[in-house]
*Asks:* 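Dumping the structure here so I can ask a few things about it.
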Amino acid sequence: MDCSASYCNECFKIHHPWGTVKAQHEYVGPTTNFRPKILMCPEHEMERVNMYCEICRRPVCHLCKLGGGHANHRVTTMSTAYKTLKEKLSKDIEYLISKECQVKAHITQLDLLLKETECNSERAKQEASQSFEKLYCVLEEKKSAALRAIETSKNIRLEKLQTQVEEYQGLLENNGLVGYAQEVLKETDPSCFVQTAKQLHVRIQKATESLKSFRPAAETTFEDFVVDTAKQEDILGDLSFHSNGLGIPEINEEQSRMYNKTLISWECSGKTDSADIYVLEYHKLNKEEESVTWQKTEVCGKSKVLSDLDDDSSYAFRVRAYKGSICSPWSREVIMRTPPAPVFSFLFDDKCGYNNEHLQLNPRRTSVESRAGFPLLLGSERLQVGCFTTLDYIIGDTGIAKGKHFWAFNVEAYSYLVKVGVVPSSKIQKLFHNTSDVISPRYEQDSGHDSGSEDTFFDSSQPCTLVTLGMKKFFIPATPAAPKDPASRILPLPSCLGVCLDCDRGRVGFYDAGRMKCLYECEVDCSGLMYPAFALMGGAAVHLEEAVTAEDREYHDDI
């Protein structure tokens with residue numbers, strides 16, 4: 001009892017020799033329900049437990065209370081804890097005993113549920129077997145019909161080929177037509193010979209023509225009888241238990257994004273049962289591929305970030321919900337297109353030419369806003385003729401030397417005038433000191449400009465390549481190749497715009513980044529380092545598109 005160990009007789013004598021303190025230990029017979037004589041503290045092995053921690057609900061010793069892990073906990077004496085716990089346990093036992101009839105009723109109900117579950121499972125098995133038997137019957141009927149059609153076609157073809165063989169065998173010497181003709185040639189009576197030879201000559205001519213243009217009477221291949229079961233195999237592969245308890249997921253195209261990575265987000269209809277897991281499938285749209293191979297990924301939440309998609313490609317997405325072995329039907333397929341090139345990351349440059357009197361950057365340098373405040377009014381006060389005020393330029397803090405790159409941004413709907421594009425490093429200084437935008441020739445006195453014409457061509461002498469946005473419109477530059485009608489050059493402003501710079505080809509394109517559709521493309525001189533460029537005038541704001549990260553998935557899941 002003192003050593004808390006079991007021994008045989010011999011070992012007990014060895015470990016408890018006569019004349020030692022251990023010889024005085026108390027011992028009992030072998031037992032499987034050992035209870036120590038004194039309960040010792042597990043943290044302080046030489047100390048007895050003499051208090052009860054009410055916070056941790058466990059016995060402790062005085063050392064635990066003085067400086068151990070229970071120093072700031074509320075404790076009580078062991079006798080008080082004994083009395084309190086014994087009273088609670090007694091009450092709980094009395095309650096259970098008083099509810100014996102209720103417990104028996106629940107047991108009876110559970111027994112009935114066990115039997116009902118057995119019966120319902122057998123019924124479900126029978127219904128599933130009948131469903132598969134119906135499929136087997138349909139397949140057997142289709143199989144028999146296909147085999148009969150092949151057999152019928154085979155017999156017809158064999159008959160035609162056999163007839164053709166017999167016809168050609170008749171052309172051999174001493175056989176059929178040739179043999180008959182040889183006998184006719186032996187005829188010496190002219191009148192009989194002419195009467196017989198006339199019809200025989202027609203048959204000989206047909207046989208000769210057939211011999212010159214030989215063609216089998218029937219095809220030997222059965223390519224028209226190949227059964228295409230690809231779609232049916234896909235359908236059977238998706239065969240599962242469908243339940244009305246699971247809502248059909250729907251991909252939310254507004255919350256889904258394709259940028260540096262792809263974020264696919266979906267929602268479910270308001271059903272009571274929620275899904276345990278979702279399966280997202282996607283595949284690249286390729287006209288050359290006959291069969292479609294879906295890539296599959298399991299998702300615990302309602303969004304997924306994908307990073308293995310190809311640039312400048314269209315993908316189809318669909319999702320379904322699973323709860324145990326039950327699944328919902330597939331959602332409607334949604335087609336989205338990836339950016340035309342790898343995404344280029346940069347921030348607005350707050351040093352090179354940045355005008356902090358007219359422009360305001362957010363702390364992260366991802367948004368810029370033009371402030372049409374008192375400086376603009378004071379500047380206009382000094383002017384006595386109509387004019388445009390100066391455009392305030394800002395560029396990206398990182399340049400591009402080579403390759404193909406894409407970036408996207410949003411222009412606020414209230415923006416009056418915004419220009420976006422690219423500028424080479426050699427012309428940045430000229431960009432920030434350019435005065436051609438200060439005074440409008442239309443209103444400049446003695447300019448001789450025709451105020452009725454605004455269809456001036458795109459000025460290639462400008463230091464950078466820009467397109468104009470504003471008043472919820474996208475203006476295609478007036479180039480010689482552009483439509484002459486001004487109205488056809490004005491497009492609705494997309495919610496998100498993109499710029500694709502191809503330094504290797506010397507081309508820059510402006511995109512509707514939501515649909516990844518090119519709105520305008522032109523040549524650009526990429527001989528130097530190229531920087532993203534923006535210009536704002538009046539009330540306007542531009543926000544750079546934020547990269548898709550794993551946090552986006554967690555954010556959408558929280559929503």
Side-chain angles (χ1 to χ4, degrees), residues 1-122 273-277 298-301 322-325 550-551 554 557-558:
M1 298 292 290
D2 296 278
C3 296
S4 300
S6 298
Y7 301 92
C8 66
N9 289 335
E10 297 299 326
C11 291
F12 183 81
K13 294 176 182 179
I14 294 173
H15 290 277
H16 300 77
W18 290 104
T20 64
V21 178
K22 286 189 175 182
Q24 305 301 320
H25 285 186
E26 180 184 356
Y27 59 90
V28 296
T31 177
T32 57
N33 188 21
F34 172 74
R35 298 180 63 187
K37 186 166 59 175
I38 300 173
L39 189 63
M40 307 301 288
C41 178
E43 297 181 8
H44 308 92
E45 297 180 356
M46 302 304 294
E47 298 294 330
R48 298 181 180 182
V49 292
N50 52 10
M51 290 180 285
Y52 182 79
C53 179
E54 295 182 353
I55 305 298
C56 301
R57 296 183 179 181
R58 53 170 289 187
V60 296
C61 70
H62 69 283
L63 294 179
C64 293
K65 175 60 180 173
L66 290 175
H70 306 269
N72 298 322
H73 293 182
R74 186 173 63 253
V75 298
T76 185
T77 62
M78 193 64 71
S79 59
T80 303
Y82 167 78
K83 183 179 179 180
T84 304
L85 292 175
K86 192 169 185 178
E87 289 178 357
K88 288 183 178 180
L89 186 59
S90 299
K91 289 181 180 180
D92 292 341
I93 293 174
E94 289 175 2
Y95 176 81
L96 290 176
I97 293 174
S98 65
K99 298 295 181 179
E100 184 176 357
C101 294
Q102 185 177 351
V103 172
K104 290 181 178 179
H106 288 168
I107 293 174
T108 303
Q109 184 179 1
L110 290 173
D111 289 336
L112 292 175
L113 291 176
L114 287 171
K115 295 178 181 178
E116 186 176 351
T117 302
E118 289 284 348
C119 295
N120 289 339
S121 66
E122 291 299 324
D273 292 342
S274 58
D276 296 331
I277 199 169
E298 294 185 354
V299 186
C300 294
Y322 279 86
K323 187 175 181 63
S325 59
E551 285 74 14
E554 295 173 359
D557 290 345
D558 291 341

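All values below were derived from every heavy atom in this structure, side-chain atoms included, with hydrogens, water molecules and symmetry-related copies excluded. What you see is a predicted model; the values in this text were computed from it and never measured.
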*Asks:* Could you state the interatomic distance from CE (Met46) to SG (Cys41), rounded to the nearest 0.5 Å?
*Replies:*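 So the gap between those two atoms works out to 12.0 Å.
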*Asks:* Mind checking salt bridge (charged side-chain N to carboxylate O under 4.0 Å, His left out) for Glu116 and listing every partner two or more places apart, or none if nothing turns up?
*Replies:*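 Per chain and number, Glu116 pairs via salt bridge (charged side-chain N to carboxylate O under 4.0 Å, His left out) with no residue.
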*Asks:* Mind checking the CE-OG1 spacing from Met51 to Thr80? Nearest 0.5 Å is all I need.
*Replies:*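 One finds 12.5 Å between CE of Met51 and OG1 of Thr80.
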*Asks:* Hey, what do you get for NE2 (His106) to CG (Asp111), rounding to the nearest 0.5 Å?
*Replies:*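 His106 atom NE2 to Asp111 atom CG measures 13.0 Å (nearest 0.5 Å).
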*Asks:* Measure across Ile55 and Arg74 and return the closest heavy-atom pair with its distance rounded to 0.1 Å.
*Replies:*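 Shortest heavy-atom separation between Ile55 and Arg74 comes out as CG1-N, 3.8 Å.
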*Asks:* Mind checking whether Thr84 and Lys88 have side chains closer than 4.5 Å, heavy atoms only?
*Replies:*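 In contact.
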*Asks:* Is any side-chain heavy atom of Leu96 closer than 4.5 Å to one of Ile93?
*Replies:*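 Not in contact.
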*Asks:* Please report the shortest heavy-atom distance between Val299 and Ile277, naming the atom on each side.
*Replies:*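 So the two residues come closest at O-CG1, 3.2 Å.
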*Asks:* Could you tell me whether the side chain of Arg58 reaches within less than 4.5 Å of the side chain of Cys64, counting heavy atoms only?
*Replies:*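 Heavy-atom side-chain distance check fails, nothing below 4.5 Å.
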*Asks:* Which heavy atom of Gly19 sits nearest a heavy atom of Ala23, and at what distance?
*Replies:*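 Minimum heavy-atom contact is N-CB, 4.3 Å.
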*Asks:* Less than 4.5 Å apart, any side-chain heavy atom of Arg48 and any of Asn50?
*Replies:*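 Contact flag for Arg48/Asn50 side chains = no.
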*Asks:* Parallel, tilted or perpendicular, judged at 30° and 60°: which one describes the rings of Tyr7 and His15?
*Replies:*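 Rings of Tyr7 and His15: tilted, 30 to 60°.
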*Asks:* Atom CG in Leu113, atom OG1 in Thr108: separation rounded to 0.5 Å?
*Replies:*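 Leu113 CG to Thr108 OG1: 11.0 Å, rounded to 0.5 Å.
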*Asks:* Considering all heavy atoms of both residues, which atom of Leu66 and which atom of Ala71 are nearest to each other, and what is their separation?
*Replies:*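 Reported closest heavy-atom pair: O-CB, 4.2 Å.
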*Asks:* Look at Lys91 together with Glu87 and state whether they make a salt bridge at an N to O cut-off of under 4.0 Å.
*Replies:*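 Result for this pair is no, no salt bridge flagged.
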*Asks:* Assign the ring pair His73 / His70 to parallel, tilted or perpendicular, where the plane angle (0 to 90°) is split at 30° and 60°.
*Replies:*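 If you compare the ring of His73 with that of His70, the planes turn out perpendicular.
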*Asks:* What distance separates Thr77 OG1 from Lys83 NZ, expressed to the nearest 0.5 Å?
*Replies:*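 Nearest 0.5 Å value for the OG1-NZ distance: 10.5 Å.
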*Asks:* Any chance CG of Asp92 has more than 12 other-residue heavy atoms, nucleotides or ligands included, within less than 6.0 Å?
*Replies:*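 Result for CG/Asp92: enclosed.
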*Asks:* Could you measure the distance from the OG1 atom of Thr117 to the CG atom of Leu110? Nearest 0.5 Å is fine.
*Replies:*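 These two atoms lie 10.0 Å from each other.
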*Asks:* With no hydrogens and no angle check, is any side-chain donor or acceptor of Lys323 less than 3.5 Å from a backbone partner on Ala275?
*Replies:*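 Such a contact is absent between Lys323 side chain and Ala275 backbone.
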